[in-house]
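Throughout, residue positions are numbered sequentially from 1 according to the sequence presented.
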Amino acid sequence: EIYTLSLHDALPISMGGDALDYFDFSERDSAYEIAGLDATGHHEQAESFLNVYLARKGELKTARWTLGQDDQGVWMTRSHEEDTEGLVLWALGEHYMLSRDKVWLTRAWPWIKRGLEYIRRTRAAANVEIPDKNDPRHGLWITGSGEMMADEPSYWYWYNYFIETGLRYGVVEAEAMGEKDYARTLREEHADFVQCLRRSMRQRFNRLDYRRGLLPGRANGDQLLDVALSEGSVFPSHSLEPNDPMVTLSLGYTDAVAWARGGSFPVKWYGSNGRGIWPALTGDYAMMHLRRGEPEKVLDCFYALMSTCGRINSWGEVMSWDNGFSTGGQPYMWANGIFLILLRNMLLHEEGEWLTNSPAGPRELWICPATPRKWMHEQKGIVVEHAPTYFGPVSFSLRAQDGDHATATIEFEGQETLPERLVVHFRSLRDRSFRQVSVNGKDHAFYTGHQVIIGNPPRKLEIVCS
């Protein structure tokens, strides 16, 4: 009910955030909210919000901020928030990946391409300004300061994470539009950008001891030791590989702080005095662990979110452990969006290198990579119907049977290309590994522990494990 939009007289109405801070549509913040809608199959509602992105700047009547894209391809609700461009491109890209609506993409593509060209022009100008490749600022996105940890404009890595995301999705969209040469250009731009970003982050990495560190927050100025600045690097962005040593060391530090606060992403500001959960970034933090194959840590975050949810089924910007109150009002829609995204990825997650082959996109689908173990023991087990994935709609059920048996049925319902690799995680309360697995009535040798791995899967599968 809180996801509503009316374009009556070309006036966009908010998604339902609180009246003090988030009531009005923000092109930056609303990206997570729109992606949450698409993750749960609400494509029609998501598209109505995406229409705000597909408007000329000043075309829409608004009460607070000027919305829409300008002639240079820029989206910018609030000045200096330089993650806006990448976040918008991510929301647009997720909608296409999960809906596979080619008609919509044809309409959206001119806006997307203008945004991508703005990124390419801006990076080219920045490289002329800072030509020294040994300078950690070389090749990065431009400076900004909105809602970051320091007032002075800085080369924040958070902003860069979403530029990577926008370029990566752009390759998929360009190929879908038949623009092979432009897709190749974007691949080259993406490769150069990621190389510059990783080189810069290695120069600026905060090594604390032999097993702990902290991803750097910015490429200039004094370093800021804040765990919040590590988020986004692995999800939604693929700027760093999940098992990059910098990520491992950073999580070694963050985990030590987080578990002391109930497995959630901790904050020391917004009035919490170090005794609160930041729900929005807890979701990204959980996704870092999910991509690393660490489901129990994902569940710590999931249950921390569940236990701090407010009475209107939402969160505030920061939820206090001491009294359950929030800073800022509720609902805080960024948190709502990432919760939906996290839950969906606990059930269905696309994985793999996007840009090694053509067409671009991930090559793997993981089923139930981080679900609570007791869910499989419910009377009907885990049942998901018509869930959107990058490989088209998927329905499946997983259930723990009597004794040591477990069964699964999986169906790919669309006509989209199937994953090259399907990984089914039978997460139950039983400790013993499987001894025998069959797929569609035939013995299947590719399994380990409680994971069944199927290369080039058919559209319908029945799996029996014991």
Trainee: Do you know the tightest heavy-atom contact between Leu418 and Pro458?
Mentor: CD1-C, 4.0 Å
Trainee: State, yes or no, whether a side-chain contact exists between Val384 and Ile367 at a heavy-atom distance under 4.5 Å.
Mentor: no
Trainee: Any chance the side chains of Ser233 and Ser239 put a donor and an acceptor closer than 3.5 Å?
Mentor: no
Trainee: Given side chains that start at C-beta, do those of Phe193 and Ile119 come closer than 4.5 Å, heavy atoms only?
Mentor: no
Trainee: Calculate, to the nearest 0.5 Å, the distance between atoms CG and OG belonging to Leu240 and Ser250 respectively.
Mentor: 9.5 Å
Trainee: If you round to the nearest 0.5 Å, how far is CG of Leu422 from CD1 of Ile454?
Mentor: 5.0 Å
Trainee: Are the side chain of Glu27 and the backbone N or O of Met76 linked by a donor-acceptor pair below 3.5 Å?
Mentor: yes
Trainee: Measure the CG-CG distance between Asp38 and Leu92 for me, rounded to the nearest 0.5 Å.
Mentor: 10.0 Å
Trainee: If you compare all heavy atoms of Thr84 against all heavy atoms of Glu81, which two are closest, and at what distance to 0.1 Å?
Mentor: OG1-O, 2.7 Å
Trainee: Tell me whether Asp71 is salt-bridged to Arg114, with the criterion being a basic N under 4.0 Å from an acidic carboxylate O.
Mentor: no
Trainee: Restricting to ring pair (Phe, Tyr, Trp, His ring centres under 6.0 Å), what partner residues turn up for His190, sequence neighbours left out?
Mentor: none
Trainee: Taking the basic N atoms (NZ, or NE/NH1/NH2) and the acidic carboxylate oxygens, is any pair closer than 4.0 Å for Arg120 and Glu117?
Mentor: yes
Trainee: For Glu173 and Ile112, indicate whether the former's side chain and the latter's backbone hold a donor-acceptor pair under 3.5 Å.
Mentor: no
Trainee: Evaluate the criterion side-chain contact (heavy atoms from CB on, under 4.5 Å) for residue pair Ser428 and His377; output intermediate values, then yes/no.
Mentor: CA-CA 7 Å; Ser428 72; His377 295 268; 3.4 Å; yes
Trainee: I'd like to know if Glu241 and Arg198 make a salt bridge, using a cut-off of under 4.0 Å between side-chain N and carboxylate O.
Mentor: yes
Trainee: Would you please test Glu351 and Arg291 for salt bridge (charged side-chain N to carboxylate O under 4.0 Å, His left out) and show each step?
Mentor: CA-CA 8 Å; Glu351 190 52 71; Arg291 291 199 64 209; 2.8 Å; yes
Trainee: Between Tyr169 and Glu94, does any side-chain donor sit less than 3.5 Å from a side-chain acceptor?
Mentor: yes
Trainee: Apply side-chain contact (heavy atoms from CB on, under 4.5 Å) to Glu189 and Leu116, showing your working.
Mentor: CA-CA 10 Å; Glu189 185 82 29; Leu116 292 167; over 6 Å; no
Trainee: For the residue pair Arg28 and Trp334, what are the closest heavy atoms and their distance?
Mentor: NH1-CZ3, 3.8 Å
Trainee: Can you tell me how far the OH atom of Tyr155 sits from the CG atom of Leu140, to the nearest 0.5 Å?
Mentor: 8.0 Å
Trainee: Could you tell me how the ring of Tyr32 sits relative to the ring of Phe162: parallel (under 30°), tilted (30 to 60°) or perpendicular (over 60°)?
Mentor: perpendicular
Trainee: Using modelled atom types only, decide if a donor and an acceptor are shared between the side chain of Thr40 and the backbone of Leu37 within a distance under 3.5 Å.
Mentor: yes
Trainee: Are a donor atom and an acceptor atom from the side chains of Trp141 and Glu85 found within less than 3.5 Å of each other?
Mentor: no
Trainee: Would you indicate whether the side-chain heavy atoms of Pro372 and Leu299 approach each other to under 4.5 Å?
Mentor: yes
Trainee: Taking NZ, NE, NH1 and NH2 as the nitrogens, is one of them in Glu350 or Arg344 under 4.0 Å from a carboxylate oxygen of the other?
Mentor: yes
Trainee: Which heavy-atom pair separates Phe426 from Ala406 by the least distance, and what is that distance?
Mentor: CD2-CB, 3.8 Å
Trainee: Any non-hydrogen side-chain atom of Phe235 less than 4.5 Å from a side-chain atom of Ile338?
Mentor: yes
Trainee: Say whether, by atom type as modelled, one donor and one acceptor occur between the side chain of Arg399 and the main chain of Gln379 under 3.5 angstrom.
Mentor: yes
Trainee: Looking at Glu294, Met287, Arg292, which one forms a side-chain contact (heavy atoms from CB on, under 4.5 Å) with Leu290?
Mentor: Met287
Trainee: Set out, in order, the CA-CA distance, both residues' side-chain angles and the distance that settles salt bridge (charged side-chain N to carboxylate O under 4.0 Å, His left out) for Arg184 and Asp181, then state yes or no.
Mentor: CA-CA 5 Å; Arg184 190 178 306 111; Asp181 290 341; 2.9 Å; yes
Trainee: Has the side chain of Arg421 got a donor or acceptor atom that lies under 3.5 Å from a matching backbone atom of Trp366?
Mentor: no
Trainee: So which heavy atom on Ala335 is nearest to which on Pro279, and how close?
Mentor: CB-CB, 3.7 Å
Trainee: Find out whether Ile277 and Leu305 are in side-chain contact, i.e. whether some heavy atom of one side chain is under 4.5 Å from a heavy atom of the other.
Mentor: yes
Trainee: I need the Gln72 CD to Arg121 CZ distance, nearest 0.5 Å.
Mentor: 5.0 Å
Trainee: Can you label the angle between the Tyr157 ring and the Tyr161 ring as parallel, tilted or perpendicular, going by 30° and 60°?
Mentor: parallel
Trainee: Kindly state each residue pair satisfying salt bridge (charged side-chain N to carboxylate O under 4.0 Å, His left out) with at least one member in residues 97-108, sequence neighbours excluded.
Mentor: Glu47-Arg107
Trainee: Heavy-atom distance under 4.5 Å between the side chains of His43 and Trp104, does that happen here?
Mentor: no
Trainee: Give me the atom names and distance for the closest heavy-atom approach of Val298 to Met346.
Mentor: CG1-CG, 4.1 Å
Trainee: Do Trp90 side-chain atoms and Ala31 backbone N/O form a donor-acceptor pair below 3.5 Å?
Mentor: no
Trainee: Are any non-hydrogen side-chain atoms of His450 and His425 less than 4.5 angstrom apart?
Mentor: no
Trainee: Does a sphere of radius 6.0 Å around CD in Glu462 hold more than 12 heavy atoms from other residues, nucleotides or ligands, not counting ones at 6.0 Å or beyond?
Mentor: no
Trainee: Could you check whether Arg123 pairs with Asp192 (Lys NZ or Arg NE/NH1/NH2 to Asp/Glu carboxylate O, under 4.0 Å)?
Mentor: yes
Trainee: Just by modelled atom types, is the Tyr285 backbone N or O under 3.5 Å from a matching donor or acceptor in the Glu231 side chain?
Mentor: yes
Trainee: Under 4.5 Å between any side-chain heavy atoms of Trp354 and Val171, yes or no?
Mentor: no
Trainee: What I want to find out is whether Glu296 reaches Arg373 closely enough, with some N-O distance under 4.0 Å, to be called a salt bridge.
Mentor: yes
Trainee: Dump the intermediate steps for side-chain contact (heavy atoms from CB on, under 4.5 Å) on Phe396 and Glu411, then the final yes or no.
Mentor: CA-CA 6 Å; Phe396 70 85; Glu411 181 177 359; over 6 Å; no
Trainee: Report the C-alpha separation of Arg363 and Phe391 in whole Å, then their side-chain angles, then the decisive distance to 0.1 Å, and conclude whether the side-chain contact (heavy atoms from CB on, under 4.5 Å) test is met.
Mentor: CA-CA 9 Å; Arg363 297 292 190 264; Phe391 307 103; 6.0 Å; no
Trainee: Using a 3.5 Å distance criterion without hydrogens, assess whether the side chain of Arg427 forms a donor-acceptor pair with backbone atoms of Thr371.
Mentor: yes
Trainee: Using only atom types and a distance under 3.5 Å, with no angle test, would you say the side chain of Tyr159 pairs donor to acceptor with the backbone of Thr143?
Mentor: no
Trainee: Got a donor-acceptor contact below 3.5 angstrom from the Asn345 side chain to the His349 backbone?
Mentor: no
Trainee: If only side-chain N and O atoms count, and only distance matters, is there a donor-acceptor pair under 3.5 Å linking Glu164 with Ser237?
Mentor: yes
Trainee: First locate atom CD of Glu413, then atom OG1 of Thr389, and finally report the distance between them rounded to the nearest 0.5 Å.
Mentor: 9.5 Å
